[in-house]
Amino acid sequence: MQTTDTLVIGGGQAGIAMSEHLSKEGIDHIVLEKNRIAEAWRTRRWDSLVANGPCWHDRFPSMPFEDDQEGFIHHDKVADYFQKYAEHIDAPIQTDVAVTKVTPLQGKQGYHITTSKGELEAKRIVVATGAFQVPSIPPIIPSAANVQQIHSDSYKNPEQLPEGAVLVIGSGSSGVQIAKELNSAGKTVYLSVGAHERPPRRYRGRDNVWWLGVLGGWDREKPNDGPLKGFAVSGMNGGETVDFRKLAHDGIHLLGLTKSFSDDTLTFNDDLFDNVNEAEQNYLALLDVADKYIEDNGLELPEDPEARAFLELPESISNPTLSIDFSESNITSVIWATGFKYDYSWLEVDVLDDVGRPLHNRGVTSATGIYFVGLPFLSGQGSSFIWGVWHDAGRIAEHIAIKKKYHEYG
């Protein structure tokens, strides 16, 4: 029976960050990864995807990327970075080991862990399996419909799709970038747009990630007034601001939030104008706040009047289409860019709600020794980003070290 103080489950960015901080605290630990290190960055991304943040920002502190620091690098290089980082910190990672069950030990502190390659015991568990676990596809279009349906998690390139038009559902970063790629490849593209945020990629000489840092955006907590809005920001073409008016002018057919399906016809809410307009007003408000920050702090940053110049509002946004007949529109494929659900079916500890979501306070659960790291809004908006997960992992490791001292007292 292999034993360790702390078991980290997952060898992606969250697991590697956790390992570094546990080592700094002098805590014996093992990291188990069911595939290869940073596997999701290698095989669960489309072919052309680049990072959504520039190299100078989306990294761990002690090792920069070797590429242009203002650039947005290909996802394969991100995976290579984490492989090198794991070697850099000498992380005790065991790959090709899947955790299949975690149960509490009876009568003593710790947990029994069953894996694909044996069993072990640990006093503490850090779940670092990330946010992208099970693709979420709303049950709107039946599988029997005469159209190919895939999730963005399975999308690779335009060539994998059949002839005909494509409907992309989802207005976050993935949905927008996939729609743009398909449109550039000559496909007829429809894009279903829900409520979203679309900040400037750069404003007055500074990237969006810098503005989030100085204006406190990274610390923003998860809103309590409903589902999260799509966050549309892109590293495509060297980094560009997502502009739904421009998408429409470039030939992408914009639609409102997807509503229902019947008799080969998909209907949409009459909310496209409101969704685009609200995001634009928030965008302008952000520019106002940024201007005030520059003035208040005496910064000499260049003016950027083009950031406030909008294209003419397309008719497709002001008077949107509310239903589409798949046959008449020749839509042969649908790509759902609708996020992910969690799967902790292997975690037999009372730390999940009725639908399987983790119950935690900034990654700390009510069960002794069970932690989560790498989840969206674990502590703030930055939590699921590369740099953010590193800082969250440091806080969790410090919490583990403090609890460990209490348990060892006397």
Side-chain donor-acceptor pair present, Ser19, His29, cut-off under 3.5 Å: yes
Pair Thr241, Asp243: side-chain N/O donor-acceptor within cut-off below 3.5 Å: no
Over 12 foreign heavy atoms within 6.0 Å of CD, Glu398: no
Exercise: do Tyr85 and Ser62 side chains pair donor with acceptor under 3.5 Å: yes
Asn237-Glu240 side chain donor-acceptor pair, cut-off 3.5 Å: yes
More than 12 heavy atoms from other groups under 6.0 Å of CG on Asn282: yes
Residue among His21, His399, His360 satisfying ring pair (Phe, Tyr, Trp, His ring centres under 6.0 Å) with Tyr371: His399
His57: ring-ring contact (aromatic ring centres under 6.0 Å, His included) partners, not counting sequence neighbours: Trp218, Trp387
Exercise: do Thr265 and Ser323 side chains pair donor with acceptor under 3.5 Å: no
Residues which pass side chain to side chain donor-acceptor pair (under 3.5 Å) with Arg45, listed by chain and number, not counting sequence neighbours: none
Set of residues satisfying side chain to side chain donor-acceptor pair (under 3.5 Å) with respect to Glu87, sequence neighbours excluded: Gln83
Heavy-atom side-chain contact between Gln381 and Leu212 under 4.5 Å: yes
Atom NZ of Lys24 with >12 non-hydrogen neighbours under 6.0 angstrom: yes
Proximity of Phe340 and His151 rings by center, below 6.0 Å: yes
Tyr111: partners by ring-ring contact (aromatic ring centres under 6.0 Å, His included), with sequence neighbours left out: none
Residue list, side chain to side chain donor-acceptor pair (under 3.5 Å) with Arg362, at least two apart or on another chain: none
Set of residues satisfying ring-ring contact (aromatic ring centres under 6.0 Å, His included) with respect to Phe377, sequence neighbours excluded: none
Asp304 bridged to Arg204 by N-O distance under 4.0 Å: no
Check: Asp288/Tyr293 side-chain N/O donor and acceptor closer than 3.5 Å: no
Side-chain ion pair, Glu163 and Lys187, N-O less than 4.0 Å: no
Donor-acceptor side-chain pairing of Glu20 and Trp390 below 3.5 angstrom: yes
Main-chain N/O of Asn157 paired with Gln160 side-chain donor or acceptor, under 3.5 Å: yes
Return a table of donor-acceptor pairs under 3.5 angstrom between the side chains of residues 174-185 and protein atoms on other chains or two or more places apart.
{"residue": "Gln177", "atom": "NE2", "partner": "Asn52", "partner atom": "OD1", "Å": "3.1"}
{"residue": "Gln177", "atom": "NE2", "partner": "Ser173", "partner atom": "O", "Å": "3.3"}
{"residue": "Glu181", "atom": "OE1", "partner": "Ser48", "partner atom": "OG", "Å": "2.3"}
{"residue": "Glu181", "atom": "OE2", "partner": "Tyr155", "partner atom": "OH", "Å": "2.5"}
{"residue": "Asn183", "atom": "ND2", "partner": "Asp250", "partner atom": "O", "Å": "3.2"}
{"residue": "Ser184", "atom": "OG", "partner": "Lys180", "partner atom": "O", "Å": "3.0"}

Distance, nearest 0.5 Å, that separates CG of Leu254 from CZ of Phe273: 13.5 Å
Residue list, salt bridge (Lys or Arg N to Asp or Glu O under 4.0 Å) with Asp354, at least two apart or on another chain: none
Salt bridge Arg42-Asp80, side-chain N to carboxylate O under 4.0 Å: yes
Sidechain N-carboxylate O distance under 4.0 Å for Glu278, Lys229: yes
Tell me which donor-acceptor pairs under 3.5 Å the side chains of residues 89-96 have, and how far apart each pair is, sequence neighbours excluded?
none

SB check Asp270 Lys259 (cutoff 4.0 Å): no
Tyr344 ring center within less than 6.0 Å of Phe372 ring center: yes
side-chain hydrogen bond (donor to acceptor under 3.5 Å, both in side chains) partners of residues 191-201, not counting sequence neighbours, each pair once: Ser192-Thr258, Glu197-Arg220, Arg201-Asp207
Any residue meeting ring-ring contact (aromatic ring centres under 6.0 Å, His included) with His75, in chain and number order, not counting sequence neighbours: none
Residues which pass side chain to side chain donor-acceptor pair (under 3.5 Å) with Glu119, listed by chain and number, not counting sequence neighbours: His112
